[in-house]
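Here is the structure we will look at.
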Amino acid sequence: MDEPVSYDVDAVRARFPALSHPTSSGRPLVYLDSAASAQKPDVVIEAIDTYLRSQHANVHRGLYELSAQATHLYEQARNRVADFLGASTPDEIVFTRGTTEAINLVAATFPLGPGDEVVVSELEHHSNLVPWQLACARTGAKLVVAPITDEGSLDWLAFRERLSSRTKLVAMAHVSNALGTVLPVADIASEAHRVGAKVLFDGAQGVVHGTVDVKAIGADFYAFSGHKVYGPTGIGALWGRYDLLAALPPYQGGGEMIREVTLEGSTWADPPARFEAGTPAIAEAIGLGVAVQWFTGLGRDAAAAWEAELLAYGTEQLASVDGLRMIGTSPRKAGVMGFVIDGVHGQDLATLLDEQGIAVRVGHHCAQPAMRRMGVTGTVRASIGCYSTIADLDALRDGLRRAVRILR
Ligand code: PLP
């Protein structure tokens with residue numbers, strides 16, 4: 001299959017130094033684990049390098065030039081993330097360590113009590129399930145789970161049936177990391193709002209696969225991680241509607257999040273500072289700002305269209321591998337292919353693929369309930385990034401055929 005002319009994947013790949021490093025076997029790296037963490041383009045690496053070499057100081061505190069510059073770069077990153085998500089104002093962007101911390105922030109502060117319900121789906125990453133289990137245990141609220149279908153889509157009627165005036169929050173993935181399912185986020189938001197609930201989307205995979213506009217979706221909160229969208233680890237963001245953020249109490253106490261402190265008590269800064277206690281991950285935030293700007297410049301919809309072509313091609317090629325069964329076959333899917341192969345253990349497959357320079361992930365992908373629902377304990381997962389190619393997928397198909405011959 002030819003690469004489409006509109007998307008120059010070779011030019012995209014050339015921006016990612018890690019992709020041109022051979023593996024220890026001397027074979028070229030076939031990186032199919034972008035859903036776990038994406039590789040980094042040169043601009044992100046260079047921005048962090050420049051910052052650490054010549055621009056570093058603590059932010060928001062110093063009156064001297066270097067601190068003012070670091071503050072400017074940090075706040076510029078917030079502006080870039082705000083643009084990336086379609087936020088009304090940069091003040092709606094709270095930097096966090098990633099999706100996990102962003103969801104924990106809301107779970108720890110969102111007002112819940114006995115009689116209230118939080119609705120999640122059966123396909124959630126543990127990051128969007130365990131924080132709600134903890135919040136419900138702490139507050140006496142009830143966790144309600146909307147089931148998924150055999151193909152891994154949200155069971156729409158069952159979801160609607162679970163909503164009521166008791167529902168205070170719907171917390172769902174935008175895109176499933178384990179099954180690839182793209183959830184109908186705008187419809188979920190309008191159903192949640194119909195019963196007076198707020199809605200949080202776990203966008204860890206959603207931001208990577210197409211343009212996200214939080215206001216167009218109708219979200220109230222949206223969480224994502226930098227490292228999955230070509231930025232660094234240790235940084236991510238929570239977007240929240242400003243009035244909702246302003247109504248939440250602090251998540252952690254410390255420097256920067258206060259208005260005034262006395263020995264008797266303290267008052268809080270406005271969002272986003274209220275939720276950013278302590279010295280933030282400055283270099284990482286700058287790297288994230290550059291990453292989202294670069295990814296936007298690449299064309300998020302063009303990259304998504306390319307990934308959709310790869311997904312269709314990869315799905316077809318994998319079907320030709322003897323005994324392979326795709327787990328997650330929703331008609332609305334992003335570039336995640338999880339599968340099992342009859343009579344072959346996933347760990348053994350992944351090890352043999354690794355010997356051929358092919359990096360895939362194996363296991364439950366932090367979505368044990370979803371795996372259980374699909375009748376498996378785990379899958380082998382190949383996931384696509386903006387730099388993935390037809391050749392990567394051909395290598396995977398051939399590598400799997402070879403591995404199956406050896407292992408059976
Ligand atoms: N949600 C989804 C859908 C994910 O794929 C992931 C990571 O794999 C997370 C949440 C957690 O992201 P992080 O570990 O970066 O906080």
Is the shortest distance from a Lys or Arg side-chain nitrogen in [X] or [Y] to a carboxylate oxygen in the other one below 4.0 Å?
| X | Y | result |
| --- | --- | --- |
| E122 | R372 | no |
| R13 | D10 | no |
| R78 | E276 | yes |
| K198 | D220 | no |

Original post:
Can you list every ring pair (Phe, Tyr, Trp, His ring centres under 6.0 Å) pair that touches residues 92-125, not counting sequence neighbours?
Top reply: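 Qualifying pairs: Y74-F95.
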Do the side chain of [X] and the main chain of [Y] share a donor and acceptor less than 3.5 angstrom apart?
| X | Y | value |
| --- | --- | --- |
| R402 | L352 | no |
| N128 | I103 | no |
| K168 | P111 | no |

Rounded to the nearest 0.5 Å, how far does [atom2] of [Y] lie from [atom1] of [X]?
| X | Y | atom1 | atom2 | result |
| --- | --- | --- | --- | --- |
| T233 | K40 | OG1 | NZ | 7.0 Å |
| L143 | D116 | CG | CG | 12.5 Å |
| L123 | D155 | CG | CG | 11.5 Å |
| L238 | F275 | CG | CZ | 8.0 Å |
| F84 | D213 | CZ | CG | 11.5 Å |
| L73 | H56 | CG | NE2 | 12.0 Å |

Subject >> salt bridge (Lys or Arg N to Asp or Glu O under 4.0 Å) evaluation trace for R397 with D394 >> reply: CA-CA 5 Å; R397 176 204 57 213; D394 287 343; 3.2 Å; yes
Original post:
Per the salt bridge (Lys or Arg N to Asp or Glu O under 4.0 Å) rule, which among R408, R401, R405 passes with D322?
Top reply: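 Going through the options one by one, the only one that passes is R408.
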Subject >> V44 vs F16 side-chain heavy atoms within contact, under 4.5 Å >> reply: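 No; the side chains remain at least 4.5 Å from each other.
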**OP:** Would you mind reporting whether I282 and Y51 have side-chain heavy atoms less than 4.5 Å apart?
**Re:**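 The answer is yes; the side chains approach within 4.5 Å.
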Original post:
Mind checking whether Y230 and Y387 have parallel, tilted or perpendicular rings, split at 30° and 60°?
Top reply: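 Answer is perpendicular, since the angle exceeds 60°.
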Subject >> Whether F201 and H174 hold their rings parallel, tilted or perpendicular, with breakpoints at 30° and 60° >> reply: tilted
Subject >> ring-ring contact (aromatic ring centres under 6.0 Å, His included) involving H209 - partner list, sequence neighbours excluded >> reply: none
Original post:
Any side-chain donor-acceptor pair under 3.5 Å between T89 and E92?
Top reply: no
Original post:
Given R61 and E256, is the salt bridge (Lys or Arg N to Asp or Glu O under 4.0 Å) satisfied, shown in steps?
Top reply: CA-CA 9 Å; R61 290 176 199 175; E256 294 296 312; 2.9 Å; yes
Original post:
Can L393 and Q317 be said to form a side chain to side chain contact (heavy atoms under 4.5 Å, CB included), step by step?
Top reply: CA-CA 8 Å; L393 298 174; Q317 295 306 307; 5.6 Å; no
**OP:** Check the surroundings of atom NE2 in H345: do more than 12 heavy atoms from other residues, nucleotides or ligands lie under 6.0 Å from it?
**Re:** no
